[in-house]
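This report concerns only the one structure given below.
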Amino acid sequence: MRIRLSAAKVHNDFIRKVEEMSGQDLLKCYQCGECSAGCPAAFAMDLLPNQVIRLLQLGEYDTVLQSKTIWLCAACQQCYTRCPKGVDLSRIMEVLRDLLMLEQGDKIVIEKLPAETLAEFPQQAFISGFRKYTA
Amino acid sequence: MSEDKAPITRVLIIGAGIAGIQAALDIANSGYEVVLVEREPSIGGRMLQLSETFPTLDCAQCILTPRTVEAGHHERIRLMTFSEVTGITGDIGHFTATVQRKPASVNWDVCTGCGLCQEKCPTKVTSPFDRGMGKRKAIYTLSPQAVPNKPVIDREACTWFTRGKCRLCEKVCPVHAIDYEQQASTTQVEVGAVIIATGYTLYGLENLGEYGYGQVPDVVDGLAFERLLSASGPTAGKVRRPSDGKEPKQVVFIQCAGSRAPETAMPYCSKICCMYTAKHAMLYKHRVHDGTAYIFYIDVRAAGKRYEEFYHRATEEDRVLYVRGKVARVFREGDQVVVWGSDTLSGASVEIAADMVVLAPAMIPHPETLRLAEMFGIPANEYGFLLPAEDNILPVETVRPGVFVAGAVTSPKDIPETVAQASAAAAKVLALFAQWSGVPEAMGISVGADAS
Amino acid sequence: MKRIGVFICHCGINIAGTVDVKRVAEAIRDYPGVVLATDYMYMCSDPGQSLIRQSIKDEHLEGVVVAACSPAMHETTFRKASAQAGLNPYQTEIANIREQVSWVHQQDKEAATQKAIEHIKTIVEKVRYNESLIPLALSLVKKTLVIGGGIAGLQAAIDIASAGYPVVLVERSNRLGGHVAQLSGVYVNFDAARDLLQSKLRAVQENPRIKVFLQTEVEELGGYVGNFTARLKHTADGQITYSEQAFGAVVVATGHSLRPLAMFGEYGGGRYPDIIDALTFERMLAPDGPTGGQIRRPSDGQVPRQVVFVQCAGSRDPEHHMPYCSKICCMYTAKQAALYRQRVPDGQAYVFYIDIRSQGRDYEEFVQSAMTQHDVLYIRGKVARLYEEDGKVIAWGADTLTGKPIEVEADLVVLATAIMPAEGAVELAQRLRIATDEHGFFSEAHPKLRPVESLTAGIYLAGTAQAPKDIPETVAQASAAAAKVLSLFSQRQLVAEPTIAYVDEELCSGCGLCIPACPYQAREMHPWKHKAVVHEALCQGCGACVVACPNKACKLRNLTPGHVLAMMDAYLAEV
Amino acid sequence: MRIPYYPGCTLNTKAKGFDRAARQSFAALGIELAELASWNCCGATFPLSRDNLLDLAGPVRNLVSAAAEGDKLAVACSTCFNVLKRSNLVMRNEEDKREKINFFIEADYAGQVEVVHLLEVLRDEVGWDTLAKAVKKDLSALAVAPYYGCMFLRPPREMGFDNHENPQILENFIRALGAQVADYPHRAECCGNYIAAFDLDTTQEMSYLILASARKASADLIVTSCPLCQFNLDRWQQDLAMKHGGFRPIPVLYDSQLLAIALGLDVTPFDLDRHYVDPRPVLAEKGLI
């Protein structure tokens, strides 16, 4: 991967929108990595949580939007709870999902879920799942 | 040296940067005489070249000039500028130092420092004080606030010396102070103790071909950038790149240029670069609001009071982008300077087409230091830094009794640490002098009955 | 009319970039009494000061106004320059057109220029009414109180006593040596800390001018530079006794404490025996420690085969702990990991870090050798969680360089906990009337050029009480503090500012309201006159008594109601 | 004593046993959990995007209903608790959002209701000592692993009723019932939450960390107060046993179910038979049913 950094890339509108909608300042993060160290879903992620912020700091949002990581964040708040700079990463993840789905449509389609799942899952799982995986 | 002769309560301080000045003031203000030797025409050292200082952004001149002025006027401090110590004999209590003064070509006893000669001098040369960012005349003072405020003639630049023409300064000098025939002079000074505070200089970046220093005009070093930021610098504090005088909109700062590189340059960390680079990026953003600043680093070393907070301020308030990784190549393309680096956190290589690049070169001891080390019989390490008697608990003492060290001459240091060391060296000298002159007893001080 | 000169400083572009200094000079030139108004690039510089001196002589000035930066910065400088030219220094005043004008009105140059003019006029009025004053002479007790018996306090005491002055060294605990006494070997040469300390302890013991009081604290400090009175509280032998002594100077070297393990919930909060702090590990490494230098984990006394070192435990964390860097942890962690590897050759050491801060001679090389020669594995990422399972401590970290989560099953975990001010530091600061920062570290007078002075004259700082620092830096600072004391003691007597309060006996009714109003205990009733009197050495010229006095009998020298009214008139007058 | 009570969707459908056990146990302790006259879904997640005020309207409507019935609102499900409590704080502390939401749902609510979890009611209104005295069955042979999950404790600045790294409320509850606490490290790690709807493998592995660790600590069963946690932990144990050799399934109960058992209530209405890992054998073995 080669990133061409420029003022336009670093200060791009998408990043600004993410900061605004999440209420988080990306440059507050100094990349200590504690979020990644404590994330219970990190093992399944292609980008670690700290790398999500890192790539956004570099204006490299495409890589982030293509990653599996943003869909694997369960908003469990473990990272935010421990972050030495108080960055609420789950808010950033949520905004990334929302923005992506606004463009590309829903991540899951209820009709396509297996009937077995539909029958079994508690209501709560559907509601939260739709909140997170549909626009 | 006769044993029964009373030891001399006068100190020789070599180097009149902030370390030498601080030690001189501490000792002179305690009632003892100081001989302060400086190789440049005026005192103040590196600190005088700085713009603003971290972490408070105090203007360096504002806080330093009171001290240079005080040292310059102090009745117990004898300034010997444009001079070098060329010999030392004797031992603690009875040193005799030979001080050689370079010919200034100006009779300082007569000169009033009016500045007319500098104004009229027709020859302009690149100013080393301004790190090549500006010009000075062939007859010059380091700055308008120089202490002492007396000019010298650069004989390599002056057309009278090079081509036998001009003598304009001589014509305009109202007090006839110009003396083209002036010779180097030698003085012997007798002192009881010595403090070596010859400071540092910067690693020759030309050796790091990959960074283009010396090849690409818009690649400068940190000290040059200080001059650009300085209100009294060549651009009066405006950030302008050397090639075309334009305001750079994208500036890349590269740390560890020659530091932490045992194979290619210096193995050690230069200690101050992380903080001054954060400051540079911050001040750049204060002056160029729509500019973008990138800092390539390996580790951010912000260990000091309010340093970590300062670093965070650079990123949060001034939106400086830190990129963790070393730069491999800097080259010119059109009117831009292209930087190839990497971001080891995202695992990506990084390319920036910048307008200007600022390198943070390794600090190295002043070349003169090795000569002094030999002369005084003080060990130096392989890079030329003097070694104190012991690392942890004798940081300003040396193996040579009566000879002390302070500041960057032993290793890279920032200003507060340098100042503390200077005062520490002063304390050692003061204790010696007090023992030799029996001061407290003479003043009728008794230990007194302590309550218990 | 008093002949007044006005000198306007550009301060480079600090002032001149916003304020039109040429116009200011022109406007002031016509003001009554002003015989000279001029400007210069840096008035504080040598030529700037020469300009003032020369003008005083040439123009026979009787008063000087320097329009420049804050008086805190350069009042002394310019008063001294005036004195050199034969003018009474108290006829020189500063009009602050930098902090109060140019820096705060950068957006409006016109308004800033106007404000600068008005500002200078008020100060011209003040100078017009200024009296020539003579500084006060105060006596000086040449004895020093050193608070704290760690390496900083010891070094300061040795340096001061070596110059022949008596020192009283008080230490709260029952031993000298502080934290250094607890250490094993020091970086970067592994020298035994005890040996290094021993040389200092011997120097203290052998010097008859140093009197040591263990289990002693400073209960109260009264007085002022040169003439402090300390009330010491001695708690030896279970008995509390007090003593009072006079001192001319005080060195505060109270050191530091460590952030307690209980503060780290994510690291077990102190519940797990095999998660210890680095100082505990030092004791384990020290030959005189509880294990005789053997590395044994606390839970079962086994030799730990895997040790995890966690840096920045509570440092660089403004959200939950301390925002600052504790400065020494990177180096001692490298040292501890190296020592562990030396003593347990088949053991594995891991260091989790954010940035390696190895700044000092041979420090970088030392850390590199920990990695290469001692095979310590450095992992860039902060540890998020530590917990115990199956007799192991599991560390959850991440390697931010490969982008992989990391889990280590450790036998022992060592936390580099944040350095905090010593317990009771803030209370001590209040008793000494010195400032602390928001964390409780003592504040230096200036971060660059006055690193060992407090803002209170005669009280100096050394070591980690001021901020985290390592041994060489602490020792240098302690010696520097000693230098300040020696400089102070080199004077025969002290001089103090005469710009303090006085009581107009004609007007004083003896009501006594000014006595409780004074925050410096500088006011008392005359034994029989029934008038208030000022203790000149204690008065700081704050003006609280002026406000309290119903009869306008309390006044400040060179800031009388006459001065203030004239200044107000000038300010409010239509230009 | 009567406390306004919010059951939430899942307790009305899939987790009826959780709801019934709570109501009957509290009744036995002299507290009537009075279901809100009108309530709707809490939304199941607290909206994290700043713009998303719409998702706050639902939970706030419940709070408005609660305000009409009392000054407290008791919640059984820890996810509902999280959403309602945080929404309430928004209404209490963020004027700008408060005005917009009030306008939107035509209400005038300022966050005055106090949202409490049923465990807090036990702790603060009943008291652990009183609870211990009301226990009828001997649970001393039962080792129970408390499971907090995420929603109960985080973010601590908002949820803040217990130490988020070392919580004790479930432990104290278990001890008050006379059972042993199985101490295991992963009681506050996330079970996978809604990821189950997107990536089942990941959810299963996240749950496995918790389950295996509780097993290792010799727990007989796990208690939780979140229906989604209960489902995630309970549902995939057969699959996990196949994936991870040697793993023995462990029952996952709701806290109210354990409470009802301890209080000696007839367990028939509590749907113990509807769990994927049947808790009845171990309960029977310990003489509890």
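The structure displayed is predicted, hence computed values, not measured ones. Residue numbering restarts at 1 for every chain, and letters A, B, ... go by the order of the sequence lines.
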Region of [X] in contact with chain A, defined by heavy-atom distances below 4.5 Å:
X: D:Phe152; value: neither
X: D:Ala15; value: neither
X: D:Gln230; value: neither
X: D:Cys191; value: neither
X: D:Asn232; value: neither

How many angstroms lie between [atom1] in [X] and [atom2] in [Y], if you round to the nearest 0.5 Å?
X: A:Phe130; Y: D:Thr45; atom1: CZ; atom2: OG1; value: 12.5 Å
X: D:Asn52; Y: A:Asp98; atom1: CG; atom2: CG; value: 7.0 Å
X: A:Leu96; Y: D:Ser49; atom1: CG; atom2: OG; value: 10.5 Å
X: A:Glu120; Y: D:Arg235; atom1: CD; atom2: CZ; value: 4.0 Å

Between [X] and chain D, with a heavy-atom cut-off of 4.5 Å, which part of the residue counts as in contact: side chain, backbone, both or neither?
X: A:Gln77; value: both
X: A:Ala119; value: backbone
X: A:Ile108; value: side chain

What do you reckon, is [atom1] of [X] surrounded by more than 12 foreign heavy atoms closer than 6.0 Å?
X: A:Glu20; atom1: CD; value: no
X: A:Lys17; atom1: NZ; value: no
X: D:Arg92; atom1: CZ; value: yes
X: A:Phe43; atom1: CZ; value: yes
X: D:Arg61; atom1: CZ; value: no
X: D:Lys100; atom1: NZ; value: no

Do [X] and [Y] have side chains that approach each other closer than 4.5 Å (heavy atoms only, starting at C-beta)?
X: D:Cys41; Y: A:Ile127; value: yes
X: D:Asn193; Y: A:Cys76; value: no
X: A:Phe121; Y: D:Leu228; value: no
X: D:Leu48; Y: A:Lys132; value: yes
X: D:Ile195; Y: A:Trp71; value: no
X: A:Gln124; Y: D:Cys226; value: yes

Among [options], single out the residue with the greatest number of heavy-atom pairs under 4.5 Å to chain A.
options: D:Met151, D:Glu189, D:His164, D:Glu165; result: D:Glu165
options: D:Asp55, D:Thr79, D:Asp199, D:Thr202; result: D:Asp55
options: D:Pro227, D:Gly149, D:Gly8, D:Cys9; result: D:Pro227

Heavy atoms only, distances under 4.5 angstrom: which of A:Ala75, A:Ala44, A:Pro122 has the most pairs with chain D? Name it, please.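 Counting heavy-atom pairs under 4.5 Å, the top option is A:Pro122.
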Output the option from A:Gly129, A:Ser22, A:Ser90, A:Gly38 having the highest count of non-hydrogen pairs under 4.5 Å with chain D.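 Sorted descending by pairs with chain D, the first entry is A:Ser90.
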Between D:Tyr194 and A:Phe126, is the ring centroid distance below 6.0 Å?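 Judged by ring-centre distance (under 6.0 Å), D:Tyr194 and A:Phe126 do not meet the cut-off.
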When you measure from the side chain of A:Arg131 to the backbone N and O of D:Gly43, does any donor-acceptor pair fall under 3.5 Å?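 Checked: pair present.
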Side-chain donor-acceptor pair under 3.5 Å between A:Gln123 and D:Thr13, yes or no?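 Per modelled atom types, A:Gln123 and D:Thr13 side chains form a pair under 3.5 Å.
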